[in-house]
Amino acid sequence: MADEQAIFPDSEPVIDVENWNVYYGDFLALKGIFLKVPKNKVTAFIGPSGCGKSTLLRCFNRLNDLIPIFRAEGRMTYHDQDLYASDVDPVQVRRRIGMVFQKPNPFPKSIYDNIAYGARVNGYQGDMDELVERSLRQAALWEEVKDKLKQSGTAISGGQQQRLCIARTVAVQPDVVLMDEPCASLDPISTLKVEELIHQLKENYTIIIVTHNMQQASRVADLTAFFNVQVVDGKRQGYLAEVDRTEVIFQNPKEEATQQYVSGRFG
Amino acid sequence: MQPRAASERFFDTAFKRLALIAALAVAAALLWITCIVALRALPALSEFGLEFLVTSTWNPPRNAYGILPSMYGTVVSSVIALMISVPIGLGVAIFLSEDYIPPGVQRILVFLVELLAAVPSVVYGLWGIFVLIPFLKEITPLRGPGMLPAALILAVMTLPIIAALARDAISNVPIELRQASVGLGATRWETIFRVIVPAASSGIIGGIMLALGRALGETMAATMLIGNSTNNISLSVFAPSSTIAALLANQFAEASGLQVAALMYAALILFAITLVVNILAQVVIRRLQRI
Ligand SMILES: Nc1ncnc2c1ncn2[C@@H]1O[C@H](COP(=O)(O)OP(=O)(O)OP(=O)(O)O)[C@@H](O)[C@H]1O
Ligand SMILES: [Mg+2]
């Protein structure tokens, strides 16, 4: 496995994962993950369904804590701070590491309140109107909704809802943005808008994106991690097969499975 | 493509007709009951008019009737009951839909709360007479049946309705909303009170309105506990009072002539109050669902 320190020598790792195992009950879902996520870069997670991409993503902001049977082993640090140390408050972690979900999930509140909610619970003191406008602009949604900020966030199109969710996430000004298949329910035009947004966000944020779309990974990602599934004792466990610069993963991967997956000849 | 089988078409139309008949029958029954009650109330309606609603005398020997004290008692006992059962019921619902306790224990508790709704109201009444009132007499100025024990029992009776419906509404809130809120750095309590409960509000309000309807119309327990004082209004919760339902239950057996008409009139008023509550509930729920 390539050492990412060498892949992006100028970029310090924001998140560093060492020998990470995840269990759901007795089921080992992810095994032996080593990964360094470089700062201000886009890292893409690709791989077949069920290999644990979302699972790992949810480990970064401790969202798996909501799942009672979840258990993890190994070490995961964020700016050298152990994310799973007993004195770490998961609420604080989630304020720094934001998430956009696969399915648009706006709150049944007004568009304005959807954005303001995160800022309010984070104790934001500044000008709320200004923050709402800026976040909506960043998510390329302002022009479409500026006249209906009081309307429900659930009464707009699916693509608009997803951009609203992105705006909501950037409004709390996190450090890292996790995106779990953010374009899975979007049309090609909205998808391109989201990708443009990712390019802009990269300047200030570190982004990790899960995608099933190979073109998307090659368009937006600097680093690509390919996850795969291996069957051990009849159980499917996910592992990180290969991680490298996106060009390398797509043009000259070391692993046979990666080559097959990115060229669509998988399985 | 094959045409649909004749038998399938037959069942289809037969089912549609049956459903239509059933729906019409329900509407007809409601209309019929209303008409009969209104008809029998006519003598009292023409005798007392709207005065009936603001008069505080219920005097069968003199044939003077007014239901202000019973209306007051109906509304106040229900409101006090709900002021107690809504916060507790909502708390129980939240507690039972979060993961504070092991799922096994949780299921048993849910079952027990729902069992509270299965206790017959006469049993609540008996318990009120033999346990609650003696206990309240020890610690409050209460001297016998009155507003307080009636309202407390109504609170216990409405609690399971609110708890069960609010819990359903809360657990029907999509997990994605909880994840979204928690993912933005909200605490568990912020998530519950600012996302989950608002998202469940139409179901919760529906439960509260159902409970209110139950409290307004509750007859047995109210009759047994409220003291049936139909002639004066006391602002003290320790004094006896009356409700419209209790008034009807107490008097219909010996009533005759104009008294029957007055009771029918009172029934009509009770019906109108519950109808208004239900319509208000629909309006509120529709409003909330639009957001
Ligand atoms: N809450 C859970 N409880 C139990 N098992 C789970 C849970 N979530 C995921 N798993 C299991 O963990 C494995 C990895 O799931 P995960 O959702 O991370 O896959 P994924 O790579 O994101 O797949 P997809 O591309 O389909 O979204 C799967 O075998 C899945 O069944
Ligand atoms: Mg997934």
Side-chain angles (χ1 to χ4, degrees), chain A residues 54 57-58 60-69 89-111 113-124 150-155 161 164-165 167-175 177-180, chain B residues 90 93-110 165-166 168-207 283-291:
Chain A
S54 303
L57 204 66
R58 288 197 306 262
F60 296 140
N61 68 345
R62 297 203 43 180
L63 213 58
N64 282 326
D65 292 18
L66 299 186
I67 300 171
I69 54 173
D89 179 2
V91 171
Q92 295 303 324
V93 172
R94 296 177 195 129
R95 290 180 181 181
R96 308 297 303 135
I97 306 180
M99 181 145 186
V100 177
F101 297 83
Q102 172 169 352
K103 230 173 84 189
N105 54 355
F107 299 121
K109 301 171 182 290
S110 70
I111 292 173
D113 285 337
N114 258 279
I115 311 252
Y117 176 76
R120 287 194 188 119
V121 299
N122 282 284
Y124 177 74
K150 290 270 166 287
Q151 280 182 29
S152 172
T154 56
Q161 288 183 22
L164 178 62
C165 293
R168 175 176 79 181
T169 303
V170 298
V172 295
Q173 293 162 321
D175 180 36
V177 178
L178 310 172
M179 298 181 159
D180 195 349
Chain B
L90 201 54
I94 290 170
F95 181 72
L96 290 180
S97 53
E98 289 286 309
D99 53 358
Y100 291 117
I101 36 177
V105 183
Q106 186 159 341
R107 230 167 294 135
I108 294 171
L109 283 178
V110 168
L165 283 156
D168 276 354
I170 287 173
S171 51
N172 278 336
V173 173
I175 178 84
E176 285 82 9
L177 286 185
R178 181 187 291 269
Q179 290 176 339
S181 170
V182 167
L184 286 168
T187 62
R188 181 201 280 261
W189 292 110
E190 285 164 341
T191 302
I192 289 173
F193 285 111
R194 297 168 77 161
V195 174
I196 311 268
V197 169
S201 58
S202 61
I204 294 173
I205 304 240
V283 171
V284 171
I285 290 169
R286 257 202 226 124
R287 229 354 105 78
L288 284 169
Q289 273 168 349
R290 231 176 293 141
I291 295 229

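For the numbers below, each heavy atom of this structure counts, side chains included, while hydrogens, waters and symmetry mates do not. Residue numbering restarts at 1 for every chain, and letters A, B, ... go by the order of the sequence lines.
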Of all the heavy-atom pairs spanning [X] and [Y], show the shortest one and how long it is.
X: A:Gln161; Y: A:Gly153; result: CG-O, 3.6 Å
X: A:Thr169; Y: A:Met99; result: OG1-O, 3.2 Å
X: A:Leu63; Y: A:Arg94; result: CD1-NE, 4.0 Å
X: A:Ala119; Y: A:Val172; result: N-CG1, 3.8 Å
X: A:Asp180; Y: A:Ser54; result: OD2-OG, 2.8 Å
X: A:Val177; Y: A:Pro174; result: CG2-CG, 4.0 Å

Original post:
Is a donor on one side and an acceptor on the other found under 3.5 Å between the side chain of A:Asn122 and the backbone of A:Tyr124?
Top reply: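 Checking the backbone N and O of A:Tyr124 against the side chain of A:Asn122, no donor-acceptor pair under 3.5 Å is found.
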**OP:** Using atom types as modelled and distance alone, determine if a side-chain donor or acceptor of A:Asn114 lies under 3.5 Å from a backbone N or O of A:Lys109.
**Re:**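 Yes, A:Asn114 side chain to A:Lys109 backbone: donor-acceptor pair under 3.5 Å.
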**OP:** Could you list which of residues 190-197 of chain B have a heavy atom closer than 4.5 Å to any heavy atom of chain A, in residue-number order?
**Re:**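 From residues 190-197 of chain B, the residues near chain A are B:Glu190, B:Thr191, B:Arg194, B:Val195.
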Subject >> Per-residue contacts, residues 168-177 of chain B versus chain A, heavy atoms under 4.5 Å >> reply: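 B:Glu176, B:Leu177 fall under the 4.5 Å cut-off.
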Subject >> side chain to side chain donor-acceptor pair (under 3.5 Å) partners of A:Asp175, counting only residues at least two apart >> reply: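 Partners of A:Asp175 by the side chain to side chain donor-acceptor pair (under 3.5 Å) criterion, ordered by chain and then number, come out as A:Tyr78, A:His79.
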Under 4.5 Å heavy-atom distance to chain B, tell me which part of [X] shows up: side chain, backbone, both or neither.
X: A:Pro106; value: backbone
X: A:Leu178; value: neither
X: A:Arg168; value: both

**OP:** In plain terms, say whether A:Arg95 and A:Asp89 are close enough for a salt bridge, that is, a side-chain N and a carboxylate O under 4.0 Å apart.
**Re:**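 Salt bridge: no.
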**OP:** Apply ring-ring contact (aromatic ring centres under 6.0 Å, His included) to A:Tyr117 and list each qualifying residue two or more places apart in sequence or on a separate chain.
**Re:**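 Listed in chain order: A:Phe107.
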